[in-house]
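Heads up: the structure comes next, in structure tokens.
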Amino acid sequence: MKKLFLLIPFAIACTQTPDVEICKYQDDRQAAVSLTFDDGIIDHATLVAPHLNDLGLRGTFWIIGKNVGSSPEFLGWNHIGSMARYGHEISNHSWTHPNLTGLTPEEIAEEVRLCDEAIARALGGRKPKTFCFPFNAHNAVVDSICGAGRVGMRVFQEAQGQVNSHSTPESLRIWLQNTIDNGEWGVTMTHGIHNGWDQWNDEQVLWDFYEELALRQDEVWVDTFGAVASYIQERDNCSLKSSYKSGILTIEPECTLDPSLYSERLTVKVKLGRKDFLLEIDPFGGPQTFDLKDKLCGKSIIVFGDSYVRNHLRPYTESWHYKVAASHNMRYYNYGINGSSVAFDRTAEGFGSAMVERYKTMVDADYVLVIAGHNDAGFVTRGDEYLADFLKELDNLCSGLKEKYPHSKIGWVTPWGVDRDGFQTVTDAVKSTCSKYGIAVLDAAEASGINVNDSEFRKRYFQSPFDTAHLNADGHDLVVNWGDDFLKQL
């Protein structure tokens, strides 16, 4: 059921005092689930992560540092870097996977330190913020050493596998439903798919469970172990003061935790009379103001597409659409996958299924912004068969979005004006099909001012001089106002 969080008419709101409270879980969902994977098995990169990426889910992968790259059974550091770029959490499962309860304090500390340092080297200095005990074995001494400088450690879990845990479609469904009904944080524990402990005889059972989980994201917050652990700690250690005058709500949080360690934004529910809406706050950000006269304030937005959305090799927080959403205090969801296509399945190339399939598991939102077409341009030049497939699936995507989001504002941004075959064909098709379904289109080739065919412009504003798709931070700044105007007009 879609939740509507409406802005309050100014004349009514100014006479009322709002009730402000921190939501139990992000976006006021009923429950939370973290998918965690033990031991750094190669299946995690070749099988698990691609399925999660396709569904817009993030997992936590607990790495045994010494095993990385040691044999074909285990992940290599290249796999780990790629998984981290998709937002998955790479964290500490010790250096050699001993039973820590049988070690001296010095030996425990060394197991933790070596794995921490190896992961930090691979991830640009980012030390893991969570820990998973080998064999799930721990005591007070182990907890004290392993928990230092962490937001959480895994101390409860639901084992998922078929050889040892005997998971079935029904057992997975019941566990998920109970987690939601009870408002709990459910943490799964999975090892290998075809390698390692507790393997799967029929892996499709697991993939079906992930798809059901993705389809129920309006009820359950699915995120990394570190993200949920951090949110819960911040929620439980934060107090709020608020004031309201002339349509401006000011929220002043006070959090007793270390801001260098905890970094999750908190969802706040604001009640004004019979109206509810949601806002995000930085628990360490001091007083924060929200202009309730701004029609975008507190609204949610999905940005859906390819590497224009994911922002290629740079964080998506540098993108113009993220900056626009942040400026209006919108709740932002990024469904970008590098290499994704509107119409063509690119799973074999490592880019996942087509957007015409991926949209089905996205959350509900007030605004849906599609930014795509660049990768389809190369396909439509291959012949009439490819062009026909593109046109059919483009139509299916537009009709599907209108059906899934009947009350949402939907817009489409085309690729830049790349001077290569196929791009104008794609842009023209997007305009025509979107017009048929009442979807607004912003033609980036005509209106953005991005001169992708100028080599000097690319040197200054793109992620590399030879890049024709991905802006750098300065390039994104050029189109913030352009994108802001489009969103306001939807």
Side-chain angles (χ1 to χ4, degrees), residues 1 25 29-64 73-75 83 86 88-89 91 93 97 130 132-137 154-225 227-229 345 347 352-353 357-358 360-363:
M1 179 69 69
Y25 299 113
R29 292 181 174 100
Q30 292 173 237
V33 166
S34 294
L35 304 171
T36 77
F37 305 87
D38 291 23
D39 297 349
I41 305 295
I42 189 62
D43 296 346
H44 298 166
T46 59
L47 296 172
V48 174
H51 277 86
L52 298 183
N53 295 344
D54 228 16
L55 295 168
L57 305 178
R58 301 193 301 168
T60 295
F61 297 86
W62 311 106
I63 303 303
I64 304 170
E73 181 182 351
F74 295 106
L75 297 172
M83 292 158 68
Y86 274 93
H88 301 296
E89 180 183 14
S91 202
H93 198 30
H97 201 270
T130 58
C132 179
F133 306 106
F135 306 105
N136 298 313
R154 196 182 72 187
V155 295
F156 59 91
Q157 58 279 320
E158 172 73 11
Q160 292 184 339
Q162 289 176 323
V163 172
N164 300 91
S165 301
H166 310 294
S167 297
T168 66
E170 182 69 3
S171 71
L172 298 177
R173 186 196 65 77
I174 291 173
W175 176 82
L176 176 58
Q177 189 61 56
N178 287 340
T179 299
I180 295 172
D181 290 344
N182 296 327
E184 297 173 338
W185 175 24
V187 179
T188 69
M189 176 184 70
T190 306
H191 289 73
I193 306 303
H194 302 306
N195 296 285
W197 188 78
D198 206 3
Q199 298 173 27
W200 292 77
N201 300 315
D202 180 6
E203 64 189 72
Q204 191 59 46
V205 172
L206 186 60
W207 312 145
D208 290 345
F209 169 71
Y210 292 158
E211 184 169 358
E212 180 180 358
L213 189 58
L215 288 167
R216 301 189 70 176
Q217 286 184 92
D218 293 313
E219 301 170 84
V220 57
W221 174 30
V222 186
D223 214 330
T224 65
F225 184 91
V228 180
D345 189 299
T347 303
S353 60
E357 293 297 326
R358 289 205 293 121
K360 298 173 184 177
T361 57
M362 296 192 308
V363 297

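Starting from 1, each residue takes its place in the sequence as its number. Just so we're clear, the structure is a prediction, and the values are computed from it rather than from any experiment.
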- Query: Quick check: does any side chain N or O of Tyr25 sit under 3.5 Å from a backbone N or O of Gly183, one acting as donor and the other as acceptor?
  - Reply: yes

- Task: Quick one: pull up CE in Met83 and OG1 in Thr60 and give me the separation to the nearest 0.5 Å.
- Result: 10.0 Å

- Query: Phe61 vs Phe37 aromatic rings, parallel, tilted or perpendicular, using cut-offs 30° and 60°?
  - Reply: parallel

- Message: For the residue pair Asp39 / His44, report whether a side-chain donor-acceptor contact shorter than 3.5 Å exists.
- Response: no

- Between the CD1 atom in Ile64 and the CD1 atom in Ile41, the distance rounded to the nearest 0.5 Å is 7.0 Å

- Item | Whether His93 and His97 hold their rings parallel, tilted or perpendicular, with breakpoints at 30° and 60° | perpendicular

- Query: Strictly by modelled atom types, are Gln157 and Thr36 linked by a side-chain donor-acceptor pair under 3.5 Å?
  - Reply: no

- Are any non-hydrogen side-chain atoms of Asp54 and Tyr210 less than 4.5 angstrom apart? no

- Query: When you measure from the side chain of Gln217 to the backbone N and O of Thr361, does any donor-acceptor pair fall under 3.5 Å?
  - Reply: yes

- Closest approach of Ile63 and Gly40, non-hydrogen atoms and distance? CD1-CA, 3.9 Å

- Calculate, to the nearest 0.5 Å, the distance between atoms CD and CG belonging to Glu357 and Asp345 respectively. 8.5 Å

- Task: Go through the steps to decide whether Asn136 and Arg154 satisfy the test side chain to side chain contact (heavy atoms under 4.5 Å, CB included), and finish with yes or no.
- Result: CA-CA 8 Å; Asn136 298 313; Arg154 196 182 72 187; 3.0 Å; yes

- Are Thr347 and Pro50 side-chain neighbours, meaning at least one heavy-atom pair lies under 4.5 Å? no

- Query: Does the side chain to side chain donor-acceptor pair (under 3.5 Å) test come out yes or no for Asp43 and His191, once each step is laid out?
  - Reply: CA-CA 9 Å; Asp43 296 346; His191 289 73; over 6 Å; no

- Task: Apply side chain to side chain contact (heavy atoms under 4.5 Å, CB included) to the pair Thr190 and Val48, showing each step before the final yes or no.
- Result: CA-CA 10 Å; Thr190 306; Val48 174; 5.9 Å; no

- What ring-ring contact (aromatic ring centres under 6.0 Å, His included) pairs are there with at least one residue in residues 155-181, not counting sequence neighbours? Phe156-Trp185

- Side-chain (Asp198) to main-chain (Asn164) donor-acceptor, under 3.5 angstrom: yes

- Task: Starting at CZ of Arg173, measure out to OG1 of Thr168 and round the result to the nearest 0.5 Å.
- Result: 9.5 Å

- Can Leu172 and Leu176 be said to form a side chain to side chain contact (heavy atoms under 4.5 Å, CB included), step by step? CA-CA 6 Å; Leu172 298 177; Leu176 176 58; over 6 Å; no

- Item | Thr179 side chain to Gly186 backbone, donor-acceptor under 3.5 Å | no

- Task: Starting at CH2 of Trp200, measure out to CG of Leu47 and round the result to the nearest 0.5 Å.
- Result: 12.5 Å

- Note on the structure: Sorted by chain and number, sequence neighbours left out, salt bridge (Lys or Arg N to Asp or Glu O under 4.0 Å) with Arg358 holds for none

- Item | From CA spacing to verdict: side chain to side chain contact (heavy atoms under 4.5 Å, CB included), Trp221, Val33 | CA-CA 6 Å; Trp221 174 30; Val33 166; over 6 Å; no

- Message: Side chains of His194 and Glu203, heavy atoms from C-beta outward: is any pair under 4.5 Å?
- Response: yes

- Task: Please report the closest heavy-atom contact between Asn201 and Gln162, naming both atoms and the distance.
- Result: N-OE1, 2.5 Å

- Message: Taking Arg29 first and then Asp223, would you say they form a salt bridge - that is, a charged N and a carboxylate O separated by under 4.0 Å?
- Response: no

- Item | Reported CE-to-SG distance for the pair Met189 and Cys132, which is rounded to 0.5 angstrom | 8.0 Å

- Message: Test your reading of the model: is there a side-chain donor-acceptor pair from Ser171 to the backbone of Ser167, 3.5 Å cut-off?
- Response: no

- Donor + acceptor pair across side chains of Arg216, Gln30 (<3.5 Å): no

- Side-chain contact, heavy-atom cut-off 4.5 Å: Trp62 with Thr130? yes

- Message: Using a 3.5 Å distance criterion without hydrogens, assess whether the side chain of Thr224 forms a donor-acceptor pair with backbone atoms of His88.
- Response: no

- Item | Asn195 and Phe74, any side-chain heavy atoms less than 4.5 Å apart | no

